[in-house]
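Some notes on the structure that comes next.
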Amino acid sequence: MTIILGIESSCDDTAAAVIQDGVLLSNIVSSQKVHESYGGVVPELASRAHQQNIIPVVDQALKKAGVKKEDISAVAFTRGPGLMGSLLVGTSFAKGFSTALGIPMVDVNHLHAHVLAHFIKESKEDGSQPGFPFLCLLVSGGNSQIVLVRSYKDMEIIGQTIDDAAGEAFDKCAKVMGLGYPGGPIVDRLAKEGNPDSFKLNKPHIQGYDYSFSGLKTSFLYLLRDELKKDPDFVEKNKADLCASLQKTIIEILMDKLRKAAKDLGIKEVAVAGGVSANSGLRTAFEDHAKRFGWKIYIPPFGYTTDNAAMVAMTGYFKYQDKEFCPVDAAPFSRVVLI
Ligand code: KG4
């Protein structure tokens, strides 16, 4: 029997999960509210909140799983990328835990874990996982990538953003409209009441499968600047239409490149991962592509799209089976390294 404790602390969610023989037993996430009034994550506050949360979160995960710490085979933790102060808390906890219990540590790449969230099983019978090779659109607050997944371990980033991430485009445009943080879910909600063809926004023209969202962000900013000169209530009056147009453009940018990659590589198994995959318009676009192009699509449940430790434990489980452990002096990394 293999039991893996997963720890996630890369940004502003403190999370712990337990997986037994590939099946999820518990998944606890404590989201930090302290950042809301700042309109974005404040790294130092995130780090301090992780320190307060980590022990209660792990305790809850073990209790919910009905597992004693002595039963755990290994501790898997997010080593990066992410905020250094936040990563240090999870990494230090994992080191203390593994040393105290004399069990191995497994380091996990956060992006790798988002992709492998598709393999989380809630029961032994759960069989809805992608077949290899598949394409995964990984869209979050810090990343927008198309990943070619050949196996649990063999992943290649074939396209990525050259500037902002899709989540950042949602969040920054929401911020200039005076909406709350994080902006993505708010834009998603308001877009449902708006006309997506009300405003025409810039789409990038770049080669290959790479993305760019900075031009869209600038064109959105200029639209508001020009219209607000004519009518100071422009945003208030057009909020839903602005959100619907913004969301439609972001989704079109994402899907155009993903469709091109799927066609060029002849791949029909297509998955989506990361926080932005919670977007209802993106989910509908995936369903539409499944019908039009015969794609077999994989959209994770909401709880596995945003940051969570179940995906870390799952990735740790695969690495544990291959005895891929990490030394106790392993340091976290903040920047994206090759998956
Ligand atoms: O993967 P994630 O939870 O965290 C990091 O990137 O660290 O992604 C967070 C991002 C934020 O930009 C947030 O606005 C976006 O995911 N997001 C959404 C939605 N829910 C979360 N964007 C659009 N529509 C949503 N429903």
Side-chain angles (χ1 to χ4, degrees), residues 8-15 27 29-32 35-36 38-43 46-47 49-50 78 80-87 90 108-118 136-145 147 160-161 164-177 179-192 194 196 211 213 216-217 242-255 271-286 299-312 334-336:
E8 158 63 32
S9 74
S10 64
C11 190
D12 59 340
D13 294 305
T14 319
N27 184 29
V29 183
S30 167
S31 298
Q32 304 173 1
H35 310 286
E36 277 168 13
Y38 297 92
V41 178
V42 183
S47 175
H50 281 306
T78 301
L83 299 171
M84 187 47 87
S86 293
L87 290 165
V108 169
N109 180 314
H110 183 75
L111 304 177
H112 207 146
H114 267 304
V115 174
L116 295 182
H118 287 281
C136 185
L137 176 69
L138 177 49
V139 269
S140 69
N143 299 281
S144 294
Q145 304 174 332
V147 186
Q160 60 187 322
T161 183
D164 289 348
E168 256 176 302
F170 272 109
D171 294 343
K172 287 181 179 170
C173 292
K175 196 171 180 180
V176 296
M177 283 190 280
L179 306 177
Y181 175 85
I186 305 171
V187 171
D188 191 359
R189 182 167 42 79
L190 290 168
K192 292 194 176 100
Y211 289 119
F213 290 97
L216 164 67
K217 193 182 64 188
L242 284 165
C243 288
S245 304
L246 173 68
Q247 180 164 301
K248 180 189 172 202
T249 314
I250 293 175
I251 294 170
E252 278 178 2
I253 295 171
L254 291 172
M255 296 310 287
V272 62
V276 180
S277 63
N279 185 268
S280 58
L282 186 60
R283 286 173 175 242
T284 307
F286 259 72
I299 306 176
F302 284 110
Y304 305 149
T305 59
T306 47
D307 289 348
N308 66 86
M311 65 184 193
V312 177
S334 58
R335 305 291 293 269
V336 180

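For this chain, numbers begin at 1 and follow the sequence in order. Ligands are counted one by one from 1 in listed order, and the atoms in each one are counted from 1 as well.
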Is there a side-chain contact (heavy atoms from CB on, under 4.5 Å) between Leu138 and Gln160 once you walk through the steps?
CA-CA 9 Å; Leu138 177 49; Gln160 60 187 322; over 6 Å; no
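With hydrogens left out, the protein atom closest to atom 7 (O) of ligand 1 is Asp307 OD2, 3.4 Å, a heavy atom. Protein heavy atom at the shortest distance from atom 9 (C) of ligand 1 is Gly141 N, 3.7 Å. Among all protein heavy atoms, the one lying closest to atom 11 (C) of ligand 1 is Asp171 OD2, 3.4 Å.
Atoms of ligand 1 found under 4.0 Å from any heavy atom of Gly142 (numbered from 1 in listed order, with element): 6 (O). Atoms of ligand 1 lying under 4.0 Å from any heavy atom of Pro182, numbered from 1 in the order shown and given with element: 14 (O). Ligand 1 places these atoms under 4.0 Å from at least one heavy atom of Gly275: 1 (O), 2 (P), 3 (O), 8 (O), 16 (O), 17 (N), 18 (C), 19 (C), 20 (N), 21 (C). Taking every heavy atom of Gly167 and a limit of under 4.0 angstrom, the matching atoms of ligand 1 come to 12 (O). In the vicinity of Asp188, heavy-atom distances shorter than 4.0 Å reach the ligand 1 atoms 24 (N), 25 (C), 26 (N). Proximity to Gly184 (heavy-atom distance under 4.0 Å) selects the following atoms of ligand 1: 14 (O), 18 (C), 19 (C), 22 (N), 23 (C), 24 (N), 25 (C).
Proximity of Asn279 to ligand 1, defined as any heavy-atom pair under 4.0 Å, is shared by backbone and side chain alike. Proximity of His114 to ligand 1, defined as any heavy-atom pair under 4.0 Å, is confined to the side chain (atoms from C-beta onward). With a heavy-atom cut-off of 4.0 Å, Val276 touches ligand 1 through backbone and side chain alike.
In this structure, Gly281 and Ile251 approach most closely via the heavy-atom pair C-CD1, 3.3 Å. In plain terms, the two heavy atoms of Ala278 and Asp188 that are nearest each other are O-OD2, 3.8 Å. Summarising the geometry of Leu87 relative to Pro81, their closest heavy-atom pair is CD1-C, 4.1 Å, with the distance given to 0.1 Å. Scanning both residues, Met255 and Ala285, for their nearest heavy atoms gives CG-CB, 4.0 Å.
Residue pairs that meet the side chain to side chain donor-acceptor pair (under 3.5 Å) test with at least one member in residues 243-252, sequence neighbours left out, are Asp197-Lys248, Lys203-Glu252, Gln247-Asn279.
Applying the salt bridge (charged side-chain N to carboxylate O under 4.0 Å, His left out) rule to Lys217 yields the partners Asp164; only residues at least two apart in sequence or on another chain are considered.
A side chain to side chain contact (heavy atoms under 4.5 Å, CB included) with Asp307 holds for exactly one of Cys11, Ser31, Ser9; it is Cys11.
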